[in-house]
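Here is the structure we will look at.
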Amino acid sequence: MVIEHPDGGTTPVIDASVHIFCKSNKDLRSILREPFKSRGFPDYEMDWYGAPGGEYAPGTEGPDRQYPGSDPELVGKHLFDDGGVDVAVLHPMTRGIMPDRHLGTALAAAHNEMLVTRWLEDNPYAERYRGTIRINPDDIAGSLREIAKYKDHPRVVQLGVPLQSRELYGKPQFWPLWEAAIEANLPVAVHIEVGAGVSAAPTPSGNTRTYEQYVGFMALNYLYHLMNMIAEGVFERMPTLKFVWADGAADLLTPIIWRMDCFGRPHLEQTPWAPKMPSDYLPGHVYFVQGALDGPGDTEFAGEWFGFTGKDNMVMFGSSYPHWQLNKLTVPSSYTAEQRDKLCWRNAAELYGIDVGAGIGAK
């Protein structure tokens with residue numbers, strides 16, 4: 001399947017960010033085992049920052065009003081039959097970091113079981129879905145068990161951790177997770193978590209007042225993690241580690257990394273474990289999922305902007321289905337055919353090892 005763009009060119013499409021859910025809290029509890037089945041945990045909703053007009057796009061609920069994004073056949077119809085998508089990378093939404101790390105791991109494990117049994121194996125669209133296994137960065141041992149359980153599944157293509165962590169992901173306590181990801185040959189996706197787990201304020205200056213401010217500022221946290229990983233030498237130590245910042249922020253990368261290069265150049269001796277320029281650690285390590293809310297839009301300089309800092313080799317399209325923005329694939333007219341190819345499918349195909357008919361390409 002290919003999608004035709006306004007100029008008549010065609011490309012395959014990989015949707016790199018489709019959010020899936022259990023049908024209800026009762027449904028989630030049916031997968032959980034005791035002693036966690038009877039425990040309290042937050043709902044999926046972001047209690048403090050609900051989107052005006054609702055969190056989810058109309059028509060995405062299940063046939064019996066199950067939670068949006070919880071019915072594999074309905075999602076498949078929307079994405080593949082109606083939306084022109086070839087392959088969808090699924091990201092189960094869990095509840096963030098729990099005060100009890102064992103409960104957090106149990107919730108991640110339940111969502112993994114739901115992902116694999118309902119989406120990757122037992123539905124008419126299973127061959128077109130790829131999955132993200134959720135792991136709990138607060139529980140290294142539990143996370144390693146989940147990785148070992150699912151790493152060889154043919155449709156599992158990445159690991160997933162919440163953006164709202166207690167600590168920055170460059171710190172050494174997380175290194176065993178990233179080493180396990182390398183051993184499993186899986187990238188790590190970081191995504192803003194739904195629900196209200198234990199998390200720091202979304203900005204260094206505290207909590208924002210409105211949802212719009214939350215959405216605008218929250219993506220900055222990707223850059224804090226990334227800058228910390230570079231400064232701690234994670235990518236120098238682990239040259240094959242790949243991280244996907246899965247909810248935007250590519251538009252923030254260029255000014256931040258330019259600034260990091262500028263101030264880092266005279267002081268590289270202070271980080272002998274990371275001797276290169278900060279921007280040198282981006283290629284092959286760093287990827288972003290981009291929707292319609294990121295970047296300058298359809299402007300005459302959009303293609304030039306997309307090439308700054310090598311972003312055109314890092315960015316993948318993601319719809320954020322079933323969330324309210326439900327990004328449509330719109331490619332700025334000033335992108336080159338190669339840039340359009342990379343955004344629509346090629347970057348994701350190469351990262352995840354997905355074959356969508358590489359002979360098609362942009363025309």
Side-chain angles (χ1 to χ4, degrees), residues 1-7 9-20 57 60 69 75-76 78-91 125 128-132 157-158 160 187 189-192 219 222 242-253 286-299 302-303 305-358 360-363:
M1 181 183 296
V2 296
I3 189 169
E4 184 171 341
H5 300 282
D7 66 353
T10 61
T11 64
V13 177
I14 296 176
D15 187 337
S17 186
V18 173
H19 310 158
I20 64 169
T60 56
V75 173
H78 287 167
L79 294 176
F80 305 128
D81 299 343
D82 302 336
V85 172
D86 291 273
V87 176
V89 180
L90 307 176
H91 203 120
Y125 298 100
R128 299 174 73 175
Y129 287 132
R130 300 295 185 273
T132 304
V157 296
Q158 69 185 356
V190 187
H191 196 287
I192 295 174
Y222 290 109
K242 301 179 188 299
F243 254 69
V244 179
W245 309 103
D247 207 357
D251 50 349
L252 300 170
L253 176 66
V286 176
Y287 299 83
F288 291 87
V289 175
Q290 175 173 301
L293 301 179
D294 305 310
D298 192 3
T299 62
W305 171 89
F306 198 47
F308 286 164
T309 330
K311 289 192 295 291
D312 47 8
N313 293 316
M314 304 177 193
V315 174
M316 305 175 286
F317 164 71
S319 68
S320 292
Y321 181 100
H323 277 88
W324 65 268
Q325 63 268 41
L326 200 56
N327 299 310
K328 300 296 182 182
L329 177 55
T330 55
V331 182
S333 57
S334 59
Y335 278 22
T336 66
E338 183 180 13
Q339 287 177 324
R340 182 174 60 192
D341 243 20
K342 290 178 177 181
L343 171 67
C344 293
W345 69 279
R346 190 181 297 278
N347 286 343
E350 292 177 355
L351 176 64
Y352 297 123
I354 298 173
D355 181 7
V356 292
I360 300 172
K363 298 180 181 177

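Numbers here simply count residues along the sequence, with the first being 1. Atoms considered below: every heavy atom in the structure, side chains included; atoms not considered: hydrogens, waters and symmetry mates.
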Using side chain to side chain donor-acceptor pair (under 3.5 Å) as the criterion, list what pairs up with [X], not counting sequence neighbours.
{"X": "Asn347", "value": "none"}
{"X": "Tyr287", "value": "none"}
{"X": "Ser319", "value": "Asp15"}
{"X": "His191", "value": "His19"}

From [X] atom [atom1] to [Y] atom [atom2], the distance as rounded to the nearest 0.5 Å:
{"X": "Thr309", "Y": "Leu253", "atom1": "OG1", "atom2": "CG", "value": "5.5 Å"}
{"X": "Tyr321", "Y": "Asn327", "atom1": "OH", "atom2": "CG", "value": "13.5 Å"}
{"X": "Thr60", "Y": "His323", "atom1": "OG1", "atom2": "NE2", "value": "9.5 Å"}
{"X": "Gln290", "Y": "Asp247", "atom1": "CD", "atom2": "CG", "value": "12.0 Å"}
{"X": "Glu350", "Y": "Lys342", "atom1": "CD", "atom2": "NZ", "value": "8.0 Å"}
{"X": "Asp298", "Y": "Tyr335", "atom1": "CG", "atom2": "OH", "value": "9.5 Å"}

Which heavy atom of [X] sits nearest to which heavy atom of [Y], and what is that distance?
{"X": "Asp312", "Y": "Gly307", "result": "OD2-CA, 3.7 Å"}
{"X": "Val18", "Y": "Ala88", "result": "CG2-CB, 3.9 Å"}
{"X": "Gly297", "Y": "Ala302", "result": "O-CB, 3.3 Å"}
{"X": "Tyr222", "Y": "Ala249", "result": "CD1-CB, 3.8 Å"}
{"X": "Val85", "Y": "Arg128", "result": "O-NH2, 2.9 Å"}
{"X": "Ala349", "Y": "Ile14", "result": "N-CD1, 3.6 Å"}

Between the main-chain N or O of [Y] and the side-chain N or O of [X], is there a donor-acceptor pair closer than 3.5 Å?
{"X": "Lys311", "Y": "Trp305", "result": "yes"}
{"X": "Arg130", "Y": "Gly353", "result": "no"}
{"X": "Ser17", "Y": "Ser320", "result": "no"}
{"X": "Ser334", "Y": "Thr299", "result": "yes"}

Check: Asp341/Thr11 side-chain N/O donor and acceptor closer than 3.5 Å: no
Side chain proximity check, Phe288 to Leu252, heavy atoms < 4.5 angstrom: no
Contacts of type ring-ring contact (aromatic ring centres under 6.0 Å, His included), residue Tyr352, not counting sequence neighbours: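 None.
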Listed partners of Phe243 passing ring-ring contact (aromatic ring centres under 6.0 Å, His included), at least two apart: Trp178, Trp245
Partner of Val13 by side chain to side chain contact (heavy atoms under 4.5 Å, CB included), out of Leu343, Leu329, Val356: Leu329
